[in-house]
Protein chains: 2
Amino acid sequence: MSSEADLVWKALADPTRRAILDLLAKAPLTTGDLCEHFGLARHGGIGRTGVMKHVDVLHRAGLVLFRREGRQRWNYVNAVPIQRVCDRWVSGHVRDLARSANHLKDLAEGKRRPLGSG
Amino acid sequence: MSSEADLVWKALADPTRRAILDLLAKAPLTTGDLCEHFGLARHGGIGRTGVMKHVDVLHRAGLVLFRREGRQRWNYVNAVPIQRVCDRWVSGHVRDLARSANHLKDLAEGKRRPLGSG
DNA sequence: AGGACATGTCACCGTATGGTGACATGCCGA
DNA sequence: TCGGCATGTCACCATACGGTGACATGTCCT
């Protein structure tokens, strides 16, 4: 298994990876740049290997693309999969906020059968 | 560590948990109902204990609330944290889609310094 | 009371995951 | 050519996580 959406969700689950995306959203960076950002004890200090594994996860999820330039690797963020996941799943639930709120109201009122349930 | 947003992301990372939220979005269910849904080999067949652990993760993330009714437990979805996370993070990146696309165009064109980088 | 049922808890297991250090590759410049 | 730097890869470790079976609690019904 593990569809593309799955890879995106898994990739987004880690705060370090989300921070990487935040950085890359401001500007493309080389792997070394990213390592500096996280190695300076900013986020607890992760080594190069760790950062690269995170970037690799993001890359396999399609969230990060890169381009080789000599011995450097420029990493780019690709927000399209995020938007796709948001469209296909998140907004579905957010759209149900009203209904959800209704359920929660039933919850607060302690109804026996919270739905019409017919 | 592990802020509320973190818990939400972690909770959303698992496809089974997202499926649980999908079910609960349609209608509140008891734990037993959920177990039946996943135990009938529908999603590979997860036992009661496994389902309850998932529901517990969702509950600790604030995505599922519940109400006791006798020996039953009615589980309710709460989409508010999803919306919050979406607002604070996802939409930020989706908003940058244009800029992101610009970067990617630079990538495709093989520019040396993809940004103005000044 | 007593049994059946729904739920909750516990110890445990295999694997995935985050993280590391050591080493290999490859490109640039002297 | 040769050294140095940025990157990539490998083996390895500790822990978190998904999942299970066995057992405990509590509630409903007879």
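Per chain, numbering begins at 1; letters A, B, ... match sequence-line order. If you're wondering where the values come from, they're calculated on a predicted model, not measured in any experiment.
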Can you measure [X] atom [atom1] to [N] atom [atom2] for me and round it to whole angstrom units?
X       : N      : atom1 : atom2 : value
B:Asp14 : D:dG18 : CG    : P     : 5 Å
B:Leu29 : C:dT7  : CG    : P     : 11 Å
B:Ile46 : C:dG14 : CD1   : P     : 19 Å
A:Ile20 : C:dG18 : CD1   : P     : 11 Å
A:Arg68 : C:dG26 : CZ    : C1'   : 8 Å
A:Glu36 : D:dT7  : CD    : P     : 9 Å
A:Glu69 : D:dT7  : CD    : C1'   : 14 Å
A:Met52 : C:dT25 : CE    : P     : 15 Å

Ion pair check, A:Arg60 and A:Asp56, cut-off under 4.0 Å: yes

Along DNA chain C (nearest heavy atom to each residue), the more 5'-positioned of B:Asp33 and A:Lys10: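 Checking each residue's closest nucleotide, the 5'-ward one belongs to B:Asp33.
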
A:Gly47 or B:Asn75, whichever maps to the more 5' nucleotide of DNA chain C: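 The answer here is B:Asn75.
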
A:Leu63 with A:Met52, same ILVMFWY side-chain cluster at under 4.5 Å: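 The answer is no; the residues belong to distinct hydrophobic clusters.
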
Touch class at under 4.0 angstrom, heavy-atom based, for A:Gly50 against every strand present: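 The answer is base, as A:Gly50 lies within the cut-off (heavy atoms under 4.0 Å) of a base atom.
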
Toward the 5' end of DNA chain D, by each residue's nearest nucleotide, B:Thr49 or A:Thr49: A:Thr49

First of B:Val51 and B:Arg48 reached from the 5' end of DNA chain D, by closest nucleotide: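 Of the two residues, B:Val51 wins.
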
Using a cutoff of under 3.5 Å, can you pull out all pairs of nitrogen or oxygen atoms linking the protein to nucleotides 2-6 of chain C, with atom names and distances?
| residue | atom | partner | partner atom | Å |
| --- | --- | --- | --- | --- |
| C:dC5 | O2 | B:Arg71 | NH1 | 3.0 |

Short side-chain N/O contact from A:Arg17 to OP1 or OP2 of C:dG18, under 4.0 Å: yes

Short side-chain N/O contact from B:His54 to OP1 or OP2 of D:dC17, under 4.0 Å: no

Closest approach of B:Trp74 to B:Pro28 (non-hydrogen atoms, all atoms of both residues):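 That closest heavy-atom pairing would be CZ3-O, 3.5 Å.
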
Shortest non-hydrogen contact from A:Leu24 toward A:Asn75: CD2-O, 3.6 Å

Heavy-atom side-chain contact between A:His37 and A:Leu29 under 4.5 Å: yes

Parallel, tilted or perpendicular, as decided by the 30° and 60° cut-offs, for the rings of A:Trp9 and B:Trp9: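 Tilted: the ring planes of B:Trp9 and A:Trp9 meet at 30° to 60°.
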
A:Val90: which of B:Val90, B:Ile82, B:Leu12, B:Val85 passes side-chain contact (heavy atoms from CB on, under 4.5 Å): B:Ile82

